[in-house]
**Q** 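Just passing along the structure, written as structure tokens.
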Amino acid sequence: MSHFVQNTLSGLKKLLNNNDQMKIISYEGEVRDITCSFNSEACTAEIEKFENENSIKLPEDYKAFLALHNGARIYESIEEDGEKLGDGLEIFSLDEIKEYQEIEYLSEHGIPIAHLLNDCYLILDTEKLKSGDPNYLNILEFTDLSSLNLNFEIFLDRYIISQGEAFWSWPIYTAENYYRTR
């Protein structure tokens, strides 16, 4: 299987200006300024050490991301005064994952790899990883855990294409209920 993580990130980076910022369009025509920042890569030894400490083999597409960037912030909003809001997708570094694993309500569901929106976490389902299920990515929204039926690279690709919106919830909104749920 070839991984397209690098192509997805490359495409995003081409849209960023020299300050790693760009304008995006959000719901109902709102235009926002965002920034993206990327950590340097994780070396193979760091990834292997993490896998050994956690007795888990990380998925290849996620390791492809780590080999490029050991953490990132994608679609973080910027206020008019230049202040960053801390929103968007925060993909944890391997060291940050270790810190988040100490939070019991996160680690009991698997390996937390990212934070997004308000109190949402992306979780690697360790049972699915062990069984070889390619749809190993879960989302913990407040206290509700659900499967996204995706792997990391498809999630990342769709998140970037949707410009940081919660694309996984789109099917529940219809013309009948959209206006009532806002």
**Q** Listed by chain and number, what are the side-chain contact (heavy atoms from CB on, under 4.5 Å) partners of E127, not counting sequence neighbours?
**A** D125, K130
**Q** Whether the side chain of E165 engages the backbone of S162 through a donor-acceptor N/O pair (distance < 3.5 Å, no angle test) should be reported.
**A** no
**Q** Heavy atoms, side chains only, cut-off 4.5 Å: are D144 and I139 in contact?
**A** no
**Q** Tell me every residue that passes side-chain hydrogen bond (donor to acceptor under 3.5 Å, both in side chains) with S147, counting only those two or more places apart in sequence or in another chain.
**A** K128, N149
**Q** Within a strict 4.5 Å, meaning less than it, do heavy atoms of the L66 and L94 side chains meet?
**A** yes
**Q** Taking N70 for the side chain and A42 for the main chain, is one N or O donor matched with an acceptor at less than 3.5 Å?
**A** no
**Q** Does a donor on one side chain and an acceptor on the other come within less than 3.5 Å for T8 and D157?
**A** yes
**Q** For residues L12 and C36, report the shortest heavy-atom separation together with the two atoms involved.
**A** CD2-SG, 4.0 Å
**Q** Indicate yes or no: at least one non-hydrogen side-chain atom of I111 is less than 4.5 angstrom from one of I123.
**A** no
**Q** May I ask you to test the I97-N54 pair for a side-chain heavy-atom distance under 4.5 Å?
**A** no
**Q** According to the ring-ring contact (aromatic ring centres under 6.0 Å, His included) rule, which pairs have a member within residues 123-157, sequence neighbours left out?
**A** Y62-F152, F65-F152, F155-Y159, F155-F167, F155-W168
**Q** Between E153 and F4, is there a donor-acceptor pair closer than 3.5 Å when you use the side chain of the first and the backbone of the second?
**A** yes
**Q** Tell me, please, which residues at least two apart from H69 pass side-chain hydrogen bond (donor to acceptor under 3.5 Å, both in side chains).
**A** K13
**Q** Could you tell me whether the side chain of L140 reaches within less than 4.5 Å of the side chain of Y105, counting heavy atoms only?
**A** yes
**Q** I'd like to check the side-chain contact (heavy atoms from CB on, under 4.5 Å) partners of S10; sequence neighbours left out, ordered by chain and number.
**A** none
**Q** Within a reach of under 6.0 Å around CD of E108, are more than 12 heavy atoms found that belong to other residues, nucleotides or ligands?
**A** yes
**Q** In Å and rounded to the nearest 0.5 Å, what is the CD to CZ distance from E46 to F50?
**A** 11.5 Å
**Q** Could you give the distance from OG (S146) to CD (E141), rounded to the nearest 0.5 Å?
**A** 5.5 Å
**Q** Given side chain to side chain contact (heavy atoms under 4.5 Å, CB included), test L148 with N135 step by step and report yes or no.
**A** CA-CA 7 Å; L148 290 171; N135 295 305; over 6 Å; no
**Q** Following the transitive rule for hydrophobic clusters with a side-chain heavy-atom cut-off under 4.5 Å over Ile, Leu, Val, Met, Phe, Trp and Tyr, establish whether L16 and I74 coincide in one cluster.
**A** yes
**Q** Going hydrophobic residue to hydrophobic residue with side-chain gaps under 4.5 angstrom, can you get from L89 over to L85?
**A** no
**Q** Using the test side-chain hydrogen bond (donor to acceptor under 3.5 Å, both in side chains), find all partners of K98 that sit at least two apart in sequence or belong to another chain.
**A** E53
**Q** Are I161 and I34 connected in the hydrophobic side-chain network, where two residues link if heavy atoms are under 4.5 Å apart?
**A** no
**Q** Hey, does P59 have a side-chain heavy atom less than 4.5 Å from the side chain of L129?
**A** yes
**Q** Does one hydrophobic cluster hold both I78 and I160, with members joined at side-chain heavy-atom distances below 4.5 Å?
**A** no
**Q** Could you give all pairs that pass the side chain to side chain donor-acceptor pair (under 3.5 Å) test and reach residues 71-84, with sequence neighbours left out?
**A** R32-S77, R73-E76, R73-E90, S77-D87
**Q** Are the side chains of V5 and L156 in touch, meaning some heavy atoms are under 4.5 Å apart?
**A** yes
**Q** Which atom pair, heavy atoms only, marks the closest approach of P112 to F92?
**A** O-CD1, 3.6 Å
**Q** Sequence neighbours left out, what pairs pass ring-ring contact (aromatic ring centres under 6.0 Å, His included) with at least one residue falling in residues 16-35?
**A** none
**Q** For E48, give me all partners under side-chain hydrogen bond (donor to acceptor under 3.5 Å, both in side chains), at least two apart in sequence or on another chain.
**A** none
**Q** Quick one: list whatever passes side-chain contact (heavy atoms from CB on, under 4.5 Å) with A64, sequence neighbours left out.
**A** H3
**Q** Would you mind reporting whether R158 and L150 have side-chain heavy atoms less than 4.5 Å apart?
**A** yes
**Q** Would you give the length of the straight line joining atom CG of L106 to atom CD1 of I113, rounded to the nearest 0.5 angstrom?
**A** 12.5 Å
**Q** Under 3.5 Å, which donor-acceptor pairs do the side chains of residues 18-25 form with other protein atoms, sequence neighbours left out?
**A**
| unit_1 | atom_1 | unit_2 | atom_2 | d |
| --- | --- | --- | --- | --- |
| K23 | NZ | D33 | OD1 | 2.8 |
| K23 | NZ | D33 | OD2 | 3.4 |

